[in-house]
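Chain identifiers are assigned alphabetically (A, B, ...) following the order of the sequence lines, protein sequences preceding nucleic acid strands; residue numbering begins at 1 within each chain. These numbers come from the heavy atoms of this one structure, side chains and all, not from hydrogens, waters or symmetry mates.
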There are 2 protein chains.
Amino acid sequence: MNAYLLIGTEREFMRPSKRDELVRKSLAVFYRDGFHATGMDTLVVETGISKTTMFKHFRTKEDLILAVLRYRDETFRNWFLRSLDERDLPPRQKLLAIFDVLREWFEESGFRGCMFIKASSEFQDPAHPAHTQSTEHKRLLLSAFKSLAEKAGAARPELLARQLLLLKEGAIVAAQMGFDPDPAGAAREAASALIEAHIPDT
Amino acid sequence: MNAYLLIGTEREFMRPSKRDELVRKSLAVFYRDGFHATGMDTLVVETGISKTTMFKHFRTKEDLILAVLRYRDETFRNWFLRSLDERDLPPRQKLLAIFDVLREWFEESGFRGCMFIKASSEFQDPAHPAHTQSTEHKRLLLSAFKSLAEKAGAARPELLARQLLLLKEGAIVAAQMGFDPDPAGAAREAASALIEAHIPDT
DNA sequence: GCGAATATGAACAGATCGGTACATATATCG
DNA sequence: CGATATATGTACCGATCTGTTCATATTCGC
């Protein structure tokens, strides 16, 4: 049995370490500079991985981008939901904590907004795989929010989840563009009022 | 006196009609396909205006993009705020109507999200003029919302305006990506709860 | 209709785009 | 070690990128 099969998340190739390294490092560049604005030659310089190797792992730039988005979905969603979980709060408070985790993210150095909002902005055709993958990412978050809203005893958990997600996306855009000094705080207060309206305070 | 000076909004050139035509038609292409993904040769084909003329009016592609963004700010903000005004509602209802106007926009054929969110996604450097112009557009909307919130008698008009803007931006992202069947509706209901919390119901 | 301003078309420049060819080097496994 | 898989470097391909050149039309104010 090949030990490499156990490393990382990719199973299509025998030695995925280089591939994973490429995905991770490309993610950083795409996130910082954008998809169209980043050329393959830039990736060679920034990742230190040869162009030949890149095109051995991914047939096209688009394939690489899709792998980057898959990786981002996995890591970001894991990080976000686990951060929520680790706070070990009652469900109602957990809904609010969404916006505390969000603020943590906004305060990270190098924060540049949501990779999926940007992907859907650069690949606007709704049928484009980068677009559909981005939509799917948001659906998965929505579903997690809904399950939280149910546990919190919301009268209409689906609606509450959608509204909290709207607040979250709005806060991300505000943080990215910088037109609000504390979008996470404003969103948190709004969420509090919403939760109050959805879940009568015992 | 030159009659051309009265046409359109541009005053730097003697015959602004071609320039305005170029800006308007380029806007449509950039909006549909994105900034980086649209080349100048594509613009020649899609606008029917020669490349020579383009570069006589704008020294670089970036200059054209900035003019497009200025034009978009003007027309969109005018349209949005006038649509609100024309409804002739009491201030409190006007705040809610934000999301009715929003839904109208979402339902337009060819809707592809907010041009400024996309601009700030493609030009991520916060110091890039396309980015700062996008931020400014949102600030102007925020200011209009705040003035509405004041007229509606909100206890903290600035906060309410920021929250309504977050809902609006979130709804736009949701509409662009398509992960919510009725983002304007969900946002409207949320706004209703927020307004209720900010402005006690007589 | 005349002179001046403006618009056009096509060809071109140099850089960069995504992607390939191929020969060489390095690492891994038995 | 020896065999095999993987990674590298460089040079190259055709297409496309932003922007220019220049000679020719077209449109304008008067």
Next item on the list: Please confirm whether any donor atom in the side chain of Thr52(B) sits under 3.5 Å from an acceptor in the base of dG9(C), or the reverse.
Entry: yes
Notebook entry, point to check: Looking only at N and O atoms, is any donor in the side chain of Lys51(B) or the base of dG19(D) less than 3.5 Å from an acceptor on the other one?
Noted result: yes
Margin query: Using a heavy-atom cut-off of 4.0 Å across all strands, would you classify Thr42(A) as base, sugar-phosphate, or nothing?
Written below: nothing
Check: Regarding Gln124(B) and Lys118(A), is there a side-chain donor-to-acceptor distance under 3.5 Å anywhere?
Finding: yes
Rounded interatomic separation in angstrom, taking [atom1] from [X] and [atom2] from [N]:
| X | N | atom1 | atom2 | result |
| --- | --- | --- | --- | --- |
| Lys56(B) | dG9(C) | NZ | C1' | 12 Å |
| His57(A) | dA5(D) | NE2 | P | 15 Å |
| Met54(B) | dG9(C) | CE | P | 12 Å |
| Arg19(A) | dT8(D) | CZ | C1' | 19 Å |
| Leu66(A) | dG18(C) | CG | C1' | 15 Å |
| Asp33(A) | dT16(C) | CG | C1' | 16 Å |
| Asp41(B) | dA15(C) | CG | P | 18 Å |
| Met40(A) | dT16(D) | CE | C1' | 17 Å |

Margin query: Looking at Lys94(A) and Asp88(A), is any side-chain nitrogen of the basic one under 4.0 Å from a carboxylate oxygen of the acidic one?
Written below: no
Notebook entry, point to check: Would you call Glu74(A) and Arg82(A) a salt bridge, using N to O less than 4.0 angstrom?
Noted result: no
Next item on the list: Establish, for the pair Arg72(B) and Tyr31(B), whether the NZ or CZ atom is under 6.0 angstrom from the six-membered ring centre and no further than 45 degrees off its axis.
Entry: yes
Item checked: Residue-phosphate contact under 4.0 Å: Thr53(A) side-chain N/O, dT8(D) OP1/OP2 -> yes
Check: Does Lys18(A) have a side-chain nitrogen or oxygen under 4.0 Å from the phosphate oxygens OP1 or OP2 of dA7(D)?
Finding: no
